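Structure first, commentary second.
For clarity, every value in this text was computed on a predicted model and none was experimentally measured. Only heavy atoms go into these numbers, but all of them, side chains included; no hydrogens, no water, no symmetry mates.
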Amino acid sequence: MFRSKQNSKHAPDMLLTLTIFALLIVGIVMVYSASAIWANYKFGDSFYFAKRQLLFAGVGIIAMFFIMNIPYLTWRKYAKPILIVCFILLIAVLIPGVGMVRGGARSWIGVGAFSIQPAEFMKLGLIIFLSAYLSANQKYITSFKKGFLPALLLIFVAFGLIMLQPDLGTGAVLVLTCMVMIFIAGARISHFIGLGILGMIGFLGLIISAPYRIDRITAFLNPWEDPLGDGFQIIQSLYAIGPGGLMGMGLGQSLQKFYYLPEPHNDFIFAILAEELGFIGGTFVLLLFLLLLWRGIRISLAAPDTYGSLLGLGIIGMISLQVMINISVVIGLIPVTGITLPFLSYGGSSLTLILCSIGIVLNISKYARL
């Protein structure tokens, strides 16, 4: 599957680039539609969130094209310093006065008028480092002590720091992405079985240790048991999706965004999209994500070396897992986790980092044999 020598460089993958721009356009339009009422009420400007999202997208696109022209092997050279900086940021955000509390989690560091979310940086930083580690130690990956355990310890140190915020959703995406990368690198199934058992025990411990997580599980199983409390968000999300029908109520015609559905422009933006654009609009967005997944996997498997393949698959896996978790929450398949929808949800750190990640994949595509 993997090759060891780079090909001559060619143009970046156009299909992936067009897919990203299509998702960004849909995202900016839906951020405006979902946030206009709330933005006008709170800031006196219905375009407040849309303008900021457009700014984030612009910065992210510039960064994406800049990174697209950096040879992806450069990231292997600086993998350790990048990971160290990410750990420093994760520790810094836990310090009172440095980290900012939002939604009950100390997950943000303020930078002027904006803020960054260190956990988002850690997701990419750990993917870069693991790609370098796994490609350099592939012959040891079947050994628990020499290959599997060192990677596992690193992952769970990062996960532990994220859980101190706490941010279970982001931590889950990080762990699942890394596990996918280790599996692709050739780790033994028996190691994953043992890890899965320990993971289930640990997950139950996390749920029991925080009563609000138990409430979320209860609300997920039967949201109508507490329709004005823990079940409120998922009920309102379903009330948005249901009336959308086949064609939707029309762009801008959502009723749930009138202070019924919390975070309509963030975690639950897909519910507003389904309400306004219906089954057809929701399916179109899902097809765009599937196209991104297919193209990203094809580029990664066609990379000229193991590092490029693991790096590309890790990035595409991270985005895909985040999409799956977000939409599963919105349609009531899993408990609420606080995960944004890539390219569509409002937010600077998430959007910018994802576009930077795509820039790396586009650079890999320059060398891939497609």
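At a threshold of 4.0 Å, the pair Arg298-Asp13 does not count as salt-bridged, since none of the basic side-chain nitrogens sits closer than that to a carboxylate oxygen. The residues Lys257 and Glu276 are annotated as salt-bridged, a charged nitrogen and a carboxylate oxygen being separated by less than 4.0 angstrom.
When each of Val329, Val323, Val330 is checked for a side chain to side chain contact (heavy atoms under 4.5 Å, CB included) with Asn326, only Val330 meets the rule. Applying side chain to side chain contact (heavy atoms under 4.5 Å, CB included) to Leu288 and the options Ile20, Leu23, Leu18 leaves one that passes, Leu23. Considering Leu290, Thr17, Leu16, Ile316 in turn, Leu16 is the only one that fulfils the side chain to side chain contact (heavy atoms under 4.5 Å, CB included) rule with Arg295.
To the nearest 0.5 Å, the span separating OG on Ser33 from CD1 on Ile272 amounts to 7.5 Å. The distance from atom CG of Leu154 to atom OH of Tyr133, rounded to the nearest 0.5 Å, is 9.0 Å. A distance of 11.0 Å separates CZ in Phe284 from CZ in Phe289, rounded to the nearest 0.5 Å. To the nearest 0.5 Å, atom CG of residue Leu351 and atom CZ of residue Phe343 are 7.5 Å apart. Rounding to the nearest 0.5 Å gives a distance of 8.0 Å between CD of Gln138 and CD1 of Ile141. A distance of 10.5 Å separates OG1 of Thr177 from CD1 of Ile315, quoted to the nearest 0.5 Å.
Side-chain atoms of Asp167 come within 3.5 Å of backbone N or O of Thr170 as a donor-acceptor pair. Formation of a donor-acceptor pair under 3.5 Å by the Gln256 side chain with backbone atoms of Ser237 is not found in this model. Within the 3.5 Å criterion, the main-chain N or O of Ala368 finds a donor-acceptor partner in the side chain of His10. Side chain of Ser309 to backbone of Ser300: a donor-acceptor contact under 3.5 angstrom is found. With hydrogens and angles ignored, the 3.5 Å screen pairs a side-chain donor or acceptor of Gln53 with a backbone N or O of Gly347.
Residues Tyr78 and Leu124 share a hydrophobic cluster, clusters being chains of Ile/Leu/Val/Met/Phe/Trp/Tyr side chains in contact below 4.5 Å. In the hydrophobic cluster analysis, where Ile, Leu, Val, Met, Phe, Trp and Tyr join through side-chain heavy atoms closer than 4.5 angstrom, Ile28 is grouped apart from Tyr346. Taking hydrophobic clusters as Ile, Leu, Val, Met, Phe, Trp and Tyr residues chained together by side-chain heavy-atom distances below 4.5 Å, Ile297 shares a cluster with Val361. Following chains of ILVMFWY side-chain contacts shorter than 4.5 Å, one can reach Ile364 starting from Phe65, so the two form part of one hydrophobic cluster. The same ILVMFWY cluster, assembled from side-chain heavy atoms under 4.5 Å apart, contains both Leu152 and Leu130.
Contact check for Ile358 versus Met68: no side-chain heavy atoms found under the 4.5 Å cut-off. Using a 4.5 Å heavy-atom threshold, the side chains of Gln165 and Val93 count as touching. Considering only heavy atoms from C-beta on, Tyr32 comes within 4.5 Å of Ser46 through its side chain. Between Asp305 and Ser135, every side-chain heavy-atom pair lies at or beyond the 4.5 Å cut-off. Phe121 is not listed as a side-chain neighbour of Val85, based on a closest heavy-atom distance of 4.5 Å or more. With contacts defined as side-chain heavy-atom distances shorter than 4.5 Å, the pair Met122/Phe87 qualifies. Inter-residue side-chain proximity for Phe56 and Leu355 is flagged as unmet; no heavy-atom pair is nearer than 4.5 Å. By the 4.5 Å heavy-atom criterion applied to side chains, Asp267 and Gln233 are not counted as neighbours.
Closest approach of Ala50 and Ser35 over heavy atoms only: N-OG, 4.5 Å.
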Go through it in stages, so that I can follow the logic: the residues are Lys123 and Leu353, the test is side-chain contact (heavy atoms from CB on, under 4.5 Å), and I'd like the CA-CA distance, side-chain angles, deciding distance and then a yes or no. CA-CA 9 Å; Lys123 287 192 294 187; Leu353 262 293; over 6 Å; no

Apply side-chain contact (heavy atoms from CB on, under 4.5 Å) to residues Lys366 and Asn363 and explain how you reach the verdict. CA-CA 5 Å; Lys366 290 184 174 184; Asn363 182 263; 4.0 Å; yes

Verdict with supporting geometry, Leu301 and Leu313, side-chain contact (heavy atoms from CB on, under 4.5 Å): CA-CA 8 Å; Leu301 295 180; Leu313 289 170; 4.2 Å; yes

Show the numbers, then the answer: is there a side-chain contact (heavy atoms from CB on, under 4.5 Å) between Ser131 and Met181? CA-CA 8 Å; Ser131 299; Met181 293 178 65; 3.2 Å; yes

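Heavy atoms from other residues, nucleotides or ligands lying under 6.0 Å from CZ of Phe156 number more than 12. Few gaps surround CE on Met249; more than 12 heavy atoms of other groups in view lie less than 6.0 Å from it. Under a cut-off of 6.0 angstrom, the local environment of OH in Tyr239 is sparse, with at most 12 non-hydrogen atoms contributed by other residues, nucleotides or ligands.
Between Tyr307 and Tyr72, the two ring planes are parallel [angle under 30°; tilted spans 30° to 60°]. Note on ring orientation: taking the six-membered ring where Trp is involved, the planes of Phe43 and Phe49 are perpendicular (angle over 60°, cut-offs 30° and 60°).
Taking the six-membered ring for Trp and the full ring otherwise, Trp38 and Tyr41 have centroids separated by under 6.0 Å.
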